[in-house]
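Notes to accompany the following structure.
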There are 2 protein chains.
Amino acid sequence: MGKLSFVGLGLGPRGISLEGIDELRDADVAYLEYYTTPHEPRLLKELESATGRRLSMVDRAFVEDGTRILTEAKEKRVALAVLGDPMIATTHDELRVRAVRSGVETKVIHGATIVSASASASGLHYYKFSRTVTVTREAVNRLTQAYHILHQNLLEGAHTLLLLEYDVDSGEGVSPAEAIAGLLLAEANFKRGVVSERTFALVESRLGREDGARFADEFVELSKLKYGEPPHSLIVPGKLHFTEVEAISAIFDIDEAKVRDNSEAVLRTAQTLVPKYVAKTRRALNGVRSKLGPQYSSVVENVELYMRDAEVNLANGEDELAMLNIGYAEGLLDSLSFSGVTKIDW
Amino acid sequence: MGKLSFVGLGLGPRGISLEGIDELRDADVAYLEYYTTPHEPRLLKELESATGRRLSMVDRAFVEDGTRILTEAKEKRVALAVLGDPMIATTHDELRVRAVRSGVETKVIHGATIVSASASASGLHYYKFSRTVTVTREAVNRLTQAYHILHQNLLEGAHTLLLLEYDVDSGEGVSPAEAIAGLLLAEANFKRGVVSERTFALVESRLGREDGARFADEFVELSKLKYGEPPHSLIVPGKLHFTEVEAISAIFDIDEAKVRDNSEAVLRTAQTLVPKYVAKTRRALNGVRSKLGPQYSSVVENVELYMRDAEVNLANGEDELAMLNIGYAEGLLDSLSFSGVTKIDW
């Protein structure tokens with residue numbers, strides 16, 4: 001009976017686990033896939049020396065096609081070595097599903113991966129990270145989804161990890177400066193106040209490698225730096241606990257006063273609109289109050305009541321109800337204008 | 001000069017990387033910390049055999065206190081071996097910050113961790129996971145925060161990983177059945193329609209170990225199973241891509257028809273209220289339309305206009321504006337009642 005094993009290689013050239021070495025050594029056929037990071041000759045040497053065997057280098061197309069791997073795995077033990085954790089990429093998930101469906105036993109040996117290590121290395125609390133975003137070369141000039149996810153995360157006070165993808169086929173990666181420019185472009189389009197030149201962010205370059213480096217500053221400053229070879233991760237922190245401020249200061253070697261909470265400036269729609277509408281309605285009501293006869297006292301009372309309700313709703317985080325109630329108060333008052341009772345100055 | 005290294009051990013007894021072995025071997029003092037998972041004698045043996053040296057087992061209190069580690073690290077190379085990835089736990093972040101502040105060089109060797117491996121092993125797309133939740137023994141009967149995060153994630157269509165914590169001090173862990181019961185209890189309290197007995201979920205037990213096991217079913221069925229030793233992870237999927245349905249079916253060995261999207265049933269507040277309020281306002285308007293003189297035609301027109309706006313807003317996902325506009329339409333109409341023009345039957 002054959003078998004297909006996915007072996008995670010972790011972050012650096014010596015990131016493979018003992019279990020991974022066992023699996024590669026015992027395989028009849030062993031492949032090394034290298035498509036999501038630069039091809040490092042040292043990695044192949046380290047693996048061949050640790051396992052005492054030859055590995056065949058294969059590219060993205062070979063793994064995506066998968067025909068040869070699946071055919072061999074019907075009879076033999078085939079191992080596919082992959083940088084990071086093998087099942088983060090959907091390509092490997094798909095290959096695994098095809099193997100299971102053709103009756104081939106599968107095995108996964110997990111590895112350290114940039115998606116968790118970037119977060120854990122930052123000093124920020126892991127459980128405060130929300131959805132991760134991948135920035136590809138093709139998408140860097142229209143970061144609509146990334147901008148939307150970052151907005152949502154900041155509204156929740158959560159941190160955001162943006163993985164800047166390296167494409168081995170084109171030999172090009174997304175630099176931190178390009179990702180920042182892409183986010184600022186999205187801000188110029190959507191104008192939700194999510195990011196600005198003063199947004200505070202972290203950059204981790206070549207995480208887990210000996211030449212790894214890290215940087216923390218405002219977008220405008222980070223845009224000016226040279227980061228060297230990929231991969232890079234960009235982290236936009238949300239609400240910060242004081243231990244996180246201390247950790248960033250120590251780990252990224254910057255002054256605590258420079259570590260800033262990006263979530264404070266990001267307002268929910270209702271937080272922006274309700275106070276404005278309450279003030280506007282109160283002003284309009286005060287402008288007509290003395291002109292209204294006693295048959296309108298119940299309207300006036302209710303306008304006041306619902307303005308207060310809207311403020312209470314907002315304070316309780318009940319945004320939708322706050323909007324409903326301020327809308328209702330405005331409608332009560334404006335009806336008097338539409339039915340010709342009085343002119344209202346909004 | 002001293003140094004403090006944090007060495008991640010990955011998931012199983014042979015999860016340590018070559019780089020981790022180098023670091024432990026070269027250290028003057030090497031500690032093995034075991035507080036978040038059951039103490040496995042095999043782990044210590046594997047590590048001592050791979051590194052050719054003795055390691056001292058230390059407990060949670062020793063690492064949290066950290067005095068001895070920090071004192072030694074001023075003069076010597078100290079390595080602390082930790083299961084999973086060393087920097088996921090805030091305890092290690094804090095120790096690292098203290099080391100940096102006392103001028104000690106620090107180094108982190110990342111490892112495979114259950115927080116990314118649970119997600120990657122599931123067949124679900126990694127980038128669709130939103131905030132992770134830890135369920136502790138103490139919190140299992142009041143899962144307010146977990147329930148809230150799960151709700152938020154499902155509203156976004158995102159997947160949720162719930163890590164069920166094992167406490168080595170008490171010797172007890174949270175079982176999948178207990179976590180499910182806790183979520184159903186929160187549902188009974190908050191009644192937001194987030195989970196039910198029919199919620200579809202995945203359980204991964206002892207991930208990355210040889211005796212690992214996985215299960216996929218509805219809450220009511222998962223509650224009846226025996227899972228054996230911790231650790232366990234519970235995953236509640238959100239919106240599913242068809243490749244995710246195929247992957248779950250293959251990996252968890254269940255029929256595709258049983259794989260269900262939990263996000264479809266979870267409605268945003270405005271999705272529940274706006275259609276109800278529009279229908280109610282339309283009914284009320286139709287009830288009085290014939291009784292209103294021509295001076296009220298502008299009011300009637302505007303009520304209709306703003307009902308339509310609310311529906312368009314809702315379809316566009318502009319929940320707050322939908323609520324504002326339907327509130328305004330209701331107010332316009334109700335003002336006629338408050339000012340005695342006509343009785344309105346809501």
Side-chain angles (χ1 to χ4, degrees), chain A residues 8 10-12 14-19 50 85 87-88 90 93-94 97 100-101 108 110-113 115-117 120-121 123 125-127 130-132 134 152 156 158 208 243 246-247 250 269-270 295-296 298-299 302 319-320 323-325 327-332 334-336 338-340, chain B residues 8 10-12 14-19 50 85 87-88 90 93-94 97 100-101 108 110-113 115-117 120-121 123 125-127 130-132 134 152 156 158 208 243 246-247 250 269-270 295-296 298-299 302 319-320 323-325 327-332 334-336 338-340:
Chain A
L11 296 179
R14 289 175 69 72
I16 190 171
S17 64
L18 292 177
E19 197 186 2
D85 181 289
M87 305 319 283
I88 296 289
T90 49
D93 259 327
E94 281 161 26
V97 170
V100 171
R101 286 186 167 177
V108 178
H110 294 282
T113 160
V115 301
S116 52
S120 86
H125 295 173
Y126 189 84
Y127 300 102
S130 196
R131 283 179 70 184
T132 295
T134 300
Q152 186 61 46
E156 295 168 20
T243 57
E246 289 175 353
T269 305
Q295 71 269 41
Y296 300 109
S298 174
V299 174
N302 275 285
D319 288 9
E320 292 92 346
M323 294 293 277
L324 180 75
N325 284 324
Y328 184 76
E330 288 185 24
L332 286 178
D334 236 7
S335 193
L336 301 179
F338 286 125
S339 55
Chain B
L11 296 179
R14 290 176 69 74
I16 189 169
S17 64
L18 292 176
E19 198 187 2
D85 182 289
M87 305 320 282
I88 296 289
T90 50
D93 259 327
E94 280 161 27
V97 170
V100 171
R101 286 186 167 175
V108 178
H110 294 283
T113 160
V115 301
S116 52
S120 86
H125 295 171
Y126 189 83
Y127 301 101
S130 195
R131 283 179 69 184
T132 295
T134 301
Q152 186 61 45
E156 295 168 19
T243 57
E246 289 175 352
T269 305
Q295 71 269 42
Y296 299 109
S298 174
V299 174
N302 276 284
D319 288 9
E320 292 92 345
M323 293 293 276
L324 181 76
N325 284 325
Y328 184 76
E330 289 186 21
L332 286 178
D334 236 6
S335 193
L336 301 179
F338 287 125
S339 55

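Every chain is numbered from 1 and lettered A, B, ... according to where its sequence line falls, protein lines coming before strand lines. The shown structure was predicted, so the numbers you read here are calculated from the model rather than taken from an experiment.
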Contact class of B:Ser339 relative to chain A, heavy atoms under 4.5 angstrom
both

Nearest 0.5 Å, please: how far is OG1 in A:Thr269 from CE in A:Met323?
7.0 Å

Under a 4.5 Å heavy-atom cut-off, does chain A meet the side chain of B:Asp334, its backbone, both or neither?
both

Can B:Ile16 and A:Ser17 be said to form a side-chain contact (heavy atoms from CB on, under 4.5 Å), step by step?
CA-CA 5 Å; B:Ile16 189 169; A:Ser17 64; over 6 Å; no

Please state whether the side chain, the backbone, both or neither of B:Val100 comes within less than 4.5 Å of a heavy atom of chain A.
side chain

Please check if any side-chain donor atom of B:Ser120 sits under 3.5 Å from a side-chain acceptor atom of A:Asp85, or the reverse.
yes

I need the residue from B:Thr134, B:Val108, B:Val97 with the largest number of non-hydrogen atom pairs under 4.5 Å to chain A.
B:Val97

Under the rule for salt bridge (charged side-chain N to carboxylate O under 4.0 Å, His left out), what residues qualify as partners of B:Asp319, not counting sequence neighbours?
B:Arg268

For chain A, find which of B:Gly340, B:Gly208, B:Gly123 contributes the most heavy-atom pairs closer than 4.5 angstrom.
B:Gly123

Go through A:Gly8, A:Ala121, A:Gly10 and name the one with the most non-hydrogen pairs under 4.5 angstrom from chain B.
A:Ala121

Would A:Ser335 and B:Tyr296 count as a side-chain contact (heavy atoms from CB on, under 4.5 Å) here? Give the steps.
CA-CA 9 Å; A:Ser335 193; B:Tyr296 299 109; over 6 Å; no

Nearest heavy atoms of A:Arg101 and B:Glu246, plus distance in Å:
NH2-CG, 3.4 Å

What option among A:Glu94, A:Glu19, A:Met87, A:His125 has the most heavy-atom pairs under 4.5 Å with chain B?
A:Met87

Exercise: identify the closest heavy-atom pair between A:Phe338 and B:Ser298:
CD2-OG, 3.2 Å

Option in A:Val299, A:Thr132, A:Asn325 with maximal non-hydrogen atom pairs under 4.5 Å from chain B
A:Val299

List the atom of B:Tyr127, the atom of A:Arg131, and the distance in Å for their closest heavy-atom pair.
O-NE, 3.5 Å

Mind checking side-chain hydrogen bond (donor to acceptor under 3.5 Å, both in side chains) for A:Ser130 and listing every partner two or more places apart, or none if nothing turns up?
A:Asn153, B:Ser130

Counting only heavy atoms closer than 4.5 Å, note whether B:Ala50 contacts chain A via side chain, backbone, both or neither.
side chain

Against chain A, work out which of B:Asn302, B:Leu336, B:Thr113 has the most heavy-atom pairs shorter than 4.5 Å and name it.
B:Asn302

Output the option from A:Ala329, A:Gly111, A:Ala158 having the highest count of non-hydrogen pairs under 4.5 Å with chain B.
A:Gly111

A:Ala247 versus chain B, heavy atoms under 4.5 Å apart: side chain, backbone, both or neither?
both

Contact origin within B:Ala117 toward chain A - heavy atom pairs under 4.5 Å
both

